S.K.: 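For reference, the structure I am asking about is given below.
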Amino acid sequence: MKNKQINTARGAALKTLDQVLQNGAYSNLQLNQNLKSSQLSEVDKRLATNLVYGVLQHKLTLEYWLAPFIKGKKIESWVKTLLLMSIYQYRYLDRVPDWAVTNESIELAKQLGNPGTRRFVTGVLHAVLRQGLGDVNAIEDPIKRRSVEFSLPQWLVDELIKQYGQPTADAIFKAVNEPARVSLRVNEVKTTIPQAIAILKEQGVEVVPSQAKAGLVVKSGDVVNTDSFMQGLVTIQDESAMLAVESMTINPADQVLDACAAPGGKTVQIAAALDEKQGGSVTALDIHAHKIKLIEKNAQRLGVAERVHACQLDARKVDEKFEDGQFDKILVDAPCSGIGLLRRKPEIRYDKKLSDSQNLHEIQLAILNAVAPKLKKGGIMTYSTCTILQQENDGTVQAFLAAHPEFRLLKTQTARALKNARTGATLTILPSDYGSDGFFISNLQRL
């Protein structure tokens, strides 16, 4: 792909998709960077965003539809991405006429490739419009059919059906391809929930209450550019992620360890419940120096910097820094496969394997084993992940409890008593439950 600046929505989307699919860039970061450096209107930025997330969410479906038209021909990666992006628009964007999609795609092929590329793209797109797209229901194997229909790797389809049963798994498959909502946490250090709602409304942002106590879901408006966001009255955080800290029932004088803290969303949420005058503080660990700076910046914006002590350290090496029995509460929001975040980070589904989940289970267990002695007797350790794979969730908790008879499992409680009728003690929020990220929360008390 020629390194050429094409200042159109489709040009920005194509560039972003090529960087994500070829170089492993993160879709959200790469898209933000490309949109920031463009001169696109807000309408065009929205189109570019739709194209990037839409193609990534439906990639396996789009490849299935494209395959008969290219029949194994070797084509440059960006040309294939351009064709996938065109088919996505034909199939999923009702308001954009097919002729407009075709013309724009041919123009991009002309500007970025040679005359042969332009002819090839023109031929494929005209054939697609003439012949139509293949029927996914023609795939006989039920696992493969769901894999193509919902654009999820076959191992993940198989695993989720085994773990949750067919009806629940199908609801998850549908949910992870819906658009992600923007949700906010009200910073009660600086304002109240009713005040925040009123101020946001004045600044052109409509919100509704969420499943988390201090959470709001954005219905319309651009939060990031409001004074409310810049002054730290609200911060962007997923509803499910807020529930982990909510379940910790933090007291103002608590000494808290946030063992895997970056980028610091939960650290500052913990800090909001503390009172430095009563000696309350949260120690936030991360392995990377630049992420420590991110935590500190976040704490500064939200007015809780006095209560936050950020420290560069691998959570598995806490013995180097901290005494046993030092903390009232510990949060281990562990590194995980991130399968609960597919709506927000669609590309991660394509480069994960089942073995990754097992390896992460070992890392999660190592972190829990390392930090457990740092908890006071009677203290509570909250273990959470943003995955819905049971081997990283209940599997990790059960393995920890088997090795630590000095701990017991408590029932995870949230302010709005979410899923309280469940039989198990741990709480799993599925992407299909409330339209939020998938998340897992458990609370372990040291006896």
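Side-chain atoms are counted along with the backbone in the values below, which use heavy atoms only and exclude waters and symmetry mates. Remember, predicted model here, so these are calculated numbers, not experimental data.
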S.K.: Using distance alone, with no hydrogens and no angle criterion, decide if Asn34 and Gln19 have a side-chain donor and acceptor under 3.5 Å apart.
M.R.: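 Note: Asn34 and Gln19 side chains meet the donor-acceptor criterion.
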S.K.: Quick check on Tyr350: does its OH atom have over 12 non-hydrogen neighbours (other residues, nucleotides or ligands) under 6.0 Å away?
M.R.: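 Enclosed: over 12 neighbouring heavy atoms sit under 6.0 Å from OH of Tyr350.
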S.K.: For the residue pair Ser147 / Gln154, report whether a side-chain donor-acceptor contact shorter than 3.5 Å exists.
M.R.: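 No, because no side-chain N or O of Gln154 sits under 3.5 Å from a partner of the opposite role on Ser147.
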S.K.: Take atom NZ of Lys297 as the centre, draw a 6.0 Å sphere, and report whether it contains more than 12 heavy atoms from other residues, nucleotides or ligands.
M.R.: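 Check fails, neighbour count at 12 or below.
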S.K.: Does Glu276 come within less than 4.0 Å of Arg307, counting only side-chain N to carboxylate O?
M.R.: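 Here Glu276 pairs with Arg307 in a salt bridge, since their nearest N and O are under 4.0 Å apart.
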S.K.: For Glu140, look at atom CD and say whether over 12 heavy atoms of other residues, nucleotides or ligands are found less than 6.0 Å away.
M.R.: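 Atom CD in Glu140 is not crowded, with 12 or fewer foreign heavy atoms closer than 6.0 Å.
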S.K.: Inspect the contact between Asp238 and Arg344 and indicate whether a charged nitrogen and a carboxylate oxygen are less than 4.0 angstrom apart.
M.R.: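 A salt bridge is present here (some side-chain N lies under 4.0 Å from a carboxylate O).
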S.K.: Would you say Ser210 and Arg181 are linked by a side-chain donor-acceptor pair, where the criterion is simply a distance under 3.5 Å?
M.R.: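 Short answer, no.
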S.K.: Answer yes or no: is there an ion pair linking Asp314 with Arg316, defined by an N-O contact shorter than 4.0 Å?
M.R.: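 A salt bridge is present here (some side-chain N lies under 4.0 Å from a carboxylate O).
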S.K.: Considering only NZ, NE, NH1 and NH2 on the basic side and carboxylate oxygens on the acidic side, decide whether Glu406 and Lys377 come within less than 4.0 Å.
M.R.: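 Salt bridge: no.
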S.K.: Counting distance only, does the side-chain N/O of Thr226 pair as donor-acceptor with the main-chain N or O of Val223 below 3.5 Å?
M.R.: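 Yes, the answer is positive, given that a donor and an acceptor are paired below the 3.5 Å cut-off.
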S.K.: Is a donor from one side chain sitting under 3.5 angstrom from an acceptor on the other, for Asn225 and Asp222?
M.R.: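 The criterion, which ignores hydrogens and geometry beyond distance, is satisfied for Asp222 and Asn225.
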S.K.: Provide the closest heavy-atom pair for Leu418 versus Ile429 in the form atom of the first, atom of the second, distance.
M.R.: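 So the two residues come closest at CD1-CD1, 4.3 Å.
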S.K.: Assess the side chains of Gln300 and Glu296: does a donor N or O sit below 3.5 Å from an acceptor N or O?
M.R.: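 Distance-only check fails for Gln300 and Glu296.
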S.K.: Any ion pair linking Glu239 and Arg185 (charged N to carboxylate O, less than 4.0 Å)?
M.R.: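 Salt bridge between Arg185 and Glu239, a charged N being under 4.0 Å from a carboxylate O: no.
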S.K.: Side chains of Asn50 and Tyr88 only: does a donor on one sit below 3.5 Å from an acceptor on the other?
M.R.: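 A donor-acceptor contact under 3.5 Å links the two side chains.
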S.K.: Check this for me: Lys345, atom NZ, are more than 12 non-hydrogen atoms of other residues, nucleotides or ligands nearer than 6.0 Å?
M.R.: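 Check fails, neighbour count at 12 or below.
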S.K.: Strictly by modelled atom types, are Thr396 and Glu392 linked by a side-chain donor-acceptor pair under 3.5 Å?
M.R.: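 Side-chain D/A pair, Thr396 to Glu392: absent.
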S.K.: Please determine whether a side-chain nitrogen of the Lys or Arg among Lys374 and Glu323 lies less than 4.0 Å from a carboxylate oxygen of the Asp or Glu.
M.R.: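 Salt bridge absent between Lys374 and Glu323.
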S.K.: Which pair of non-hydrogen atoms, one from Asp433 and one from Lys419, has the smallest distance, and what is that distance?
M.R.: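 Taking Asp433 first and Lys419 second, the nearest heavy atoms are OD2-NZ, 2.7 Å.
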S.K.: Determine whether a donor-acceptor pair (N or O, by modelled atom type, separation under 3.5 Å) exists between the side chain of Asp18 and the backbone of Leu14.
M.R.: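 No, the answer is negative, given that no donor and acceptor are paired below the 3.5 Å cut-off.
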S.K.: Under 3.5 Å, is there a donor on one side chain and an acceptor on the other for Ser240 and Ser436?
M.R.: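 Looking only at side-chain atoms, Ser436 and Ser240 do form a donor-acceptor pair, the distance falling under 3.5 Å.
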S.K.: Using a distance-only test with no angle check, is there a side-chain donor-acceptor pair under 3.5 angstrom linking Asn393 and Thr385?
M.R.: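 Side-chain D/A pair, Asn393 to Thr385: present.
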S.K.: Indicate yes or no: does Asp258 engage Lys266 in a salt bridge with an N to O separation below 4.0 Å.
M.R.: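 Lys266 and Asp258: not salt-bridged.
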S.K.: Answer yes or no on whether Lys174 is positioned over the face of Phe150, meaning its NZ or CZ is under 6.0 Å from the six-membered ring centre and within 45° of the axis.
M.R.: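 No - Lys174 does not lie over the ring of Phe150 by the 6.0 Å and 45° rule.
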S.K.: Going by distance alone, is a donor N or O of one side chain under 3.5 Å from an acceptor N or O of the other, for Tyr383 and Gln364?
M.R.: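 Yes - a donor-acceptor pair under 3.5 Å links their side chains.
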S.K.: Could you check if a side-chain atom of Asn369 sits within less than 4.5 angstrom of a side-chain atom of His404, using non-hydrogen atoms only?
M.R.: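 Result yes, sub-4.5 Å side-chain heavy-atom pair found.
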S.K.: Do Asn443 and Thr382 get their side chains close enough for a donor-acceptor pair, meaning under 3.5 Å?
M.R.: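 Yes, side-chain donor-acceptor contact under 3.5 Å.
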S.K.: Would you kindly say whether Gln89 and Arg10 are connected by a side-chain donor-acceptor distance under 3.5 Å?
M.R.: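 Indeed, the side chains of Gln89 and Arg10 share at least one donor-acceptor pair under 3.5 Å.
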